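Letters A, B, ... mirror the listed sequences (proteins, then strands); counts begin at 1. Predicted, not measured: the structure shown is a model, and the values here were computed from it.
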There are 2 protein chains.
Amino acid sequence: MKGDTIYKRTYNRMIVYLGELKIGDALDSENVLKSKLTASRTTIRKVLQEFELKQLIVIKSTKKTLLRKPKAKDSFPRAETLSNAARIEKKFLEWMLRADPKPGDIINELELARQFGVSTSGIREFLNRFSRFKLIERRPNSGWCFQGFTEDFALELFEVRELFEMRSAAAFATLPDNAIAWNELHVLKIDHKNLLRNINKDFHNFSDIDERFHQLVNNASMNRFIVDFYDLISLIFHYHYQWNKVDERKRNKAAILEHLDYIEALFSRDPKRIEVACKKHFISARNTLLSSLKTPLPVS
Amino acid sequence: MKGDTIYKRTYNRMIVYLGELKIGDALDSENVLKSKLTASRTTIRKVLQEFELKQLIVIKSTKKTLLRKPKAKDSFPRAETLSNAARIEKKFLEWMLRADPKPGDIINELELARQFGVSTSGIREFLNRFSRFKLIERRPNSGWCFQGFTEDFALELFEVRELFEMRSAAAFATLPDNAIAWNELHVLKIDHKNLLRNINKDFHNFSDIDERFHQLVNNASMNRFIVDFYDLISLIFHYHYQWNKVDERKRNKAAILEHLDYIEALFSRDPKRIEVACKKHFISARNTLLSSLKTPLPVS
DNA sequence: AAACTGTTTTTTATATGCAAAAATACAAAT
DNA sequence: ATTTGTATTTTTGCATATAAAAAACAGTTT
């Protein structure tokens with residue numbers, strides 16, 4: 001009753017690993033495989049035995065050799081390698097998007113469990129973890145109350161986000177010259193410029209680059225609470241990007257330009273300049289988010 | 001298998017409620033009792049039936065009358081009215097204090113379950129909730145890793161605390177004249193002065209007043225993320241107060257004086273003055289915490 | 001008909017059961 | 001000294017079972 005997603009995940013990783021060898025090559029020892037594929041030796045052995053059975057490898061005491069290359073399509077489908085918890089998270093986010101629950105709505109564990117086809121304990125555990133984002137609230141001995149992604153929520157979120165990122169950006173400027181963050185920032189600058197060049201076609205790629213950029217800045221704070229808070233930002237933005245498609249190209253182009261300005265400010269290490277660029281970006285980001293909250297959901 | 005702590009809690013509340021009536025008085029209707037004692041009608045009825053059985057009240061269709069007054073000592077002991085979850089939390093904090101786990105230590109669910117005499121699912125749920133404080137981290141398919149209340153942890157905690165409270169204090173100054181927060185601040189000022197007068201005797205009462213004060217300031221931010229973060233501060237301070245007894249009287253006296261200064265600054269509504277008082281207090285609070293981290297635990 | 005009580009259905013809180021995975025142990029082989 | 005074979009023991013992840021509590025429904029009484 002535990003599911004065998006780890007076995008399947010390890011199996012898939014083994015296929016990738018074998019794909020990198022040549023026929024006749026010897027495999028690494030079990031202990032090395034254990035760290036390479038991140039699983040216990042117990043699981044590694046189980047997978048190896050399965051591969052021997054399928055005559056992909058031959059095991060002769062301490063020597064394991066590759067007989068023929070596995071095909072990538074023999075892998076288990078990705079969905080089967082997700083843990084139950086990950087699957088529930090995915091389903092819940094999809095459900096939120098679809099059902100669009102309003103503040104004050106009650107969600108109950110049994111109902112969700114039935115809808116998702118999983119046990120109540122899985123749902124319960126998920127909701128417990130998810131509640132850290134403050135989008136739902138437990139009512140003891142009753143259900144969960146949906147708080148909703150309201151304007152207040154967005155404003156409070158942005159207040160903290162701004163507070164944190166201003167601090168992080170200031171910290172970024174004081175990083176030593178040889179910090180890898182500078183290289184990463186350089187790469188991001190190039191990526192931004194490339195995206196700007198193909199903005200008409202690739203504008204929806206902005207979401208990824210946006211997350212990478214802000215995460216890089218926040219990491220400079222070296223503060224677990226600040227870094228952790230970015231999980232919530234990511235979630236909200238991911239969620240929000242799903243439905244606010246109005247003017248997306250135009251908005252993203254503007255944001256890229258702001259980012260480039262912000263990046264230059266970071267390279268300059270001038271605190272004043274950084275503050276100005278950062279603040280400017282947040283003002284427009286907040287406006288974007290707020291205006292999209294007022295746009296009703298498209299009817300599907 | 002759900003435990004009957006709610007029944008017991010309601011039973012105790014009913015005793016208090018009956019204590020306020022005179023013999024021969026009619027009890028409120030079930031629905032009124034339901035809101036007065038905050039429980040479901042189902043539970044209210046169960047309790048009422050028990051009281052009837054014990055001949056404390058008589059139920060005649062729609063009329064319930066008090067026969068004789070219950071004695072307070074017939075209540076269930078407080079420990080039995082705590083939910084399982086609350087009991088686990090309490091035990092875990094005690095355990096942390098006693099076992100003093102070090103960063104990198106692994107805690108496992110089964111072990112704790114056995115030690116606390118509860119089921120693993122209870123432990124699991126608690127650890128999941130508790131992990132939001134970042135003192136423990138889940139290792140999938142393995143156990144939980146204790147992160148420890150290290151110096152880094154304390155510094156990062158204080159960085160955010162300061163950021164948040166500076167913002168909250170500034171917001172406090174802009175509250176309208178008729179906000180109840182001003183009255184509460186006034187009460188707190190008096191309480192501080194009283195405590196200062198009896199500091200030699202009552203110095204250990206500072207912990208409570210400290211929490212009330214900072215919570216009041218933080219609430220002025222009207223930001224759920226800022227307010228929520230104070231849970232962590234409370235936890236850490238509660239935990240920390242348990243063992244750092246060195247110079248407690250002296251430290252608390254100094255802190256009270258800083259608070260009084262801070263309170264006056266808030267009343268003045270002068271942003272500059274507030275900032276100075278707030279910052280000053282945080283510098284010494286941080287030093288206190290850091291120095292206590294370096295003090296080894298007293299051997300018990 | 002509004003408020004109340006009696007009864008039934010649904011949901012939560014918690015314990016328990018069990019397969020998968022991890023950890024451990026140690027002798028045997030290279 | 002590393003690696004493997006094998007067996008054993010623990011522990012996790014998830015499902016399910018069940019008593020307590022809540023909610024919903026249906027009658028009564030004022």
Side-chain angles (χ1 to χ4, degrees), chain A residues 1-10 26-34 38-49 59-64 83-88 106-114 117-128 138-144, chain B residues 1-10 28-34 38-49 59-64 83-88 106-114 117-128 138-144:
Chain A
M1 300 196 167
K2 195 191 174 181
D4 53 357
T5 60
I6 294 187
Y7 169 75
K8 288 176 176 171
R9 198 152 53 220
T10 311
L27 310 214
D28 285 304
S29 81
E30 289 174 357
N31 276 315
V32 173
L33 287 173
K34 177 176 126 119
T38 51
S40 67
R41 189 156 79 95
T42 312
T43 306
I44 296 286
R45 298 194 101 241
K46 212 172 145 194
V47 172
L48 283 174
Q49 265 150 37
I59 303 178
K60 242 217 230 132
S61 187
T62 180
K63 278 267 178 296
K64 302 179 289 293
S83 73
N84 196 44
R87 212 160 38 240
I88 290 177
I106 296 292
I107 21 187
N108 87 5
E109 294 169 3
L110 212 54
E111 170 73 18
L112 285 181
R114 275 193 290 249
V118 295
S119 72
T120 51
S121 54
I123 294 287
R124 191 181 179 76
E125 185 171 325
F126 168 76
L127 293 176
N128 255 321
R138 152 167 271 135
R139 294 286 168 83
N141 297 300
S142 179
W144 291 83
Chain B
M1 303 194 164
K2 195 190 174 182
D4 52 358
T5 61
I6 294 186
Y7 168 76
K8 287 175 176 171
R9 200 152 52 218
T10 311
D28 285 304
S29 80
E30 289 174 358
N31 275 315
V32 173
L33 287 173
K34 175 178 129 117
T38 50
S40 70
R41 196 159 72 86
T42 311
T43 306
I44 297 287
R45 297 190 104 240
K46 213 172 145 195
V47 172
L48 285 174
Q49 266 151 37
I59 303 177
K60 240 216 233 136
S61 184
T62 179
K63 279 267 178 295
K64 302 178 286 292
S83 72
N84 195 47
R87 213 161 37 242
I88 291 177
I106 295 293
I107 23 186
N108 87 5
E109 294 168 4
L110 212 54
E111 170 74 17
L112 286 181
R114 274 193 290 250
V118 294
S119 72
T120 51
S121 53
I123 294 287
R124 191 181 178 76
E125 184 169 327
F126 168 75
L127 293 177
N128 256 319
R138 152 167 270 135
R139 293 286 168 83
N141 297 300
S142 180
W144 292 83

Is K64(B) close enough to dC4(C) that one of its side-chain N or O atoms is under 4.0 Å from OP1 or OP2 there? no
To the nearest Å, how far apart are K8(A) NZ and dA21(C) C1'? 15 Å
Give the nucleotide from the list dT14(C), dA21(D), dT12(D) with an atom nearest to the side chain of K46(B). dA21(D)
Once you round it to whole Å, what is the distance between P of dA23(C) and CD1 of I44(A)? 12 Å
Gap between atoms CG and P, on D28(B) and dT5(C) respectively (whole Å): 10 Å
Ignoring hydrogens, what is the shortest heavy-atom contact between R41(B) and K34(B)? Give both atom names and the distance. N-CD, 3.9 Å
Assess whether one donor atom and one acceptor atom, taken from the side chain of S121(A) and the base of dA15(D), lie less than 3.5 Å apart. yes
side-chain contact (heavy atoms from CB on, under 4.5 Å) between E30(B) and L48(B), intermediate numbers included: CA-CA 9 Å; E30(B) 289 174 358; L48(B) 285 174; 4.1 Å; yes
Sequence neighbours left out, what passes side-chain contact (heavy atoms from CB on, under 4.5 Å) with K46(B)? Give chain and number order. Y7(B)
When we call it a touch if two heavy atoms are under 4.0 Å apart, what does G122(A) touch: a base, just sugar-phosphate, or nothing? nothing
Once you round it to whole Å, what is the distance between P of dT16(D) and CE of M1(A)? 6 Å
Checking N108(A), I106(A), N128(A), L112(A) against W144(A) for side chain to side chain contact (heavy atoms under 4.5 Å, CB included), the one that qualifies is N128(A)
Would you classify E125(B) as touching base, sugar-phosphate or nothing, given that sugar-phosphate means primed atoms plus P, OP1 and OP2, and contacts are heavy atoms under 4.0 Å? nothing
Might you point out which heavy atoms bring G122(A) and I88(A) nearest each other, and give the distance in Å? C-CD1, 3.6 Å
Spacing between N141(A) atom CG and dA22(D) atom P, to the nearest angstrom: 5 Å
R124(B) and L127(B), any side-chain heavy atoms less than 4.5 Å apart: no
Using heavy-atom distances to pick each residue's nearest nucleotide on DNA chain D, tell me which of T43(B) and I107(B) is more 5'. I107(B)
Below 4.5 Å, heavy atoms only, C-beta onward: do N141(A) and K2(B) meet side chain to side chain? yes
Over how many whole Å does the gap from L110(A) atom CG to dA13(C) atom P extend? 12 Å
Would you indicate what R114(A) reaches in the nucleic acid, counting non-hydrogen atoms under 4.0 angstrom: base, sugar-phosphate, or nothing? sugar-phosphate
Respond yes when some side-chain nitrogen or oxygen of R138(A) is under 4.0 Å from OP1 or OP2 of dA13(C), and no when none is. yes
Which is true for K63(A) with a 4.0 Å heavy-atom rule: it touches a base, it touches only sugar-phosphate, or it touches nothing? nothing
In terms of side-chain heavy atoms of D4(B), which of dA22(D), dA13(C), dA21(D) is nearest? dA21(D)
Rounded to the nearest Å, what distance is computed from the CZ atom of residue R87(B) to the C1' atom of nucleotide dA15(C)? 13 Å
Any side-chain N or O of R41(B) under 4.0 Å from OP1/OP2 of dT5(C)? no
Within the 4.0 Å heavy-atom criterion, would you say E111(B) contacts the bases, only the backbone, or no part of the nucleic acid? nothing
Suppose we call a contact any N or O donor and acceptor under 3.5 Å apart; does that hold for the side chain of T42(B) and the base of dA23(D)? yes
Side-chain atoms of N108(B) come closest, of dT16(D), dG5(D), dT12(D), to dT12(D)
With respect to the phosphate group of dA15(C), does any side-chain polar atom (N or O) of K2(B) fall under 4.0 Å of OP1 or OP2? no
Presence of T120(A) side-chain N/O under 4.0 Å of dT11(C) phosphate oxygens OP1/OP2: no
Mapping I88(B) and W144(A) onto DNA chain C by nearest heavy atom, which one lands closer to the 5' end? W144(A)
Tell me the interatomic distance from F126(A), atom CZ, to dA15(D), atom C1', rounded to whole angstroms. 19 Å
Can you identify which nucleotide, out of dA23(C), dT14(C), dA21(C), has its nearest atom closest to the A85(B) side chain? dT14(C)
S40(B) side-chain N/O to dA22(D) phosphate OP1/OP2 under 4.0 Å: yes
Any T62(A) side-chain nitrogen or oxygen under 4.0 Å from OP1 or OP2 of dA29(C): no
Check the phosphate of dA15(D) against N84(A), side-chain N and O only, distance under 4.0 Å to OP1 or OP2. Yes or no? yes
